[in-house]
Amino acid sequence: ADLHPYALAAPDVEQARRLLREAGVGPTKLRYLTTTDELARREAELLQAALAPLDLELEIVADDRYLERLLDPSHPVNAQMFAVRFDADY
């Protein structure tokens, strides 16, 4: 099927895996910190699904106080990824 002229090409998963292996990254588990709200959960699940074909397992840690803990040096946080979202509440 022809793609729209502005559409992204289909991802080349095999090439991505090869490049990750060349960089020394094998199957890996990553921790992802986010909040507990529904939109954050859905975003995390989309990211998890996108990384899975690359042998990157995403452990989703939902905690509404994670940003506070992340910024507090007395609470070391073990995570490779985190989300920062600002929602207007007016």
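Note that this is a predicted model, so its numbers are computed, not measured.
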Residues 57-64, side-chain donor-acceptor partners within the protein, below 3.5 Å, at least two apart:
{"residue": "Asp63", "atom": "OD1", "partner": "Arg65", "partner atom": "N", "Å": "2.9"}
{"residue": "Asp63", "atom": "OD2", "partner": "Arg69", "partner atom": "NE", "Å": "3.2"}
{"residue": "Asp64", "atom": "OD1", "partner": "Thr36", "partner atom": "N", "Å": "3.0"}
{"residue": "Asp64", "atom": "OD1", "partner": "Thr36", "partner atom": "OG1", "Å": "2.9"}
{"residue": "Asp64", "atom": "OD2", "partner": "Thr36", "partner atom": "OG1", "Å": "2.7"}

Practice task
Just jot down the side-chain contact (heavy atoms from CB on, under 4.5 Å) partners of Glu22, sequence neighbours excluded, or say none.
Solution key: Arg18, Leu19

Exercise for the section: From the options Asp55, Leu54, Leu20, select the one residue that forms a side chain to side chain contact (heavy atoms under 4.5 Å, CB included) with Pro27. Expected result: Asp55

Exercise for the section: Is it possible for you to say whether Val25 and Val13 belong to one hydrophobic cluster, with membership spreading through side-chain heavy-atom contacts below 4.5 Å? Expected result: yes

Fill in the blank from the handout: Interatomic distance, CG@Leu56 vs OH@Tyr32, rounded to 0.5 Å, equals 14.5 Å

Practice task
Enter the distance from Phe82:CZ to Thr34:OG1 here, rounded to the nearest 0.5 Å.
Solution key: 11.0 Å

Handout entry: Gln80 side-chain N/O to Leu30 backbone N/O, donor-acceptor pair under 3.5 Å
Key = no

Handout entry: Same apolar cluster: Leu33 and Met81, side chain cutoff 4.5 Å
Key = no

Problem - Ser74 side chain vs Asp72 backbone, donor-acceptor pair below 3.5 Å - result: no

Problem - Pairing residues for Arg41 by the side-chain hydrogen bond (donor to acceptor under 3.5 Å, both in side chains) criterion, not counting sequence neighbours - result: Glu38, Glu45

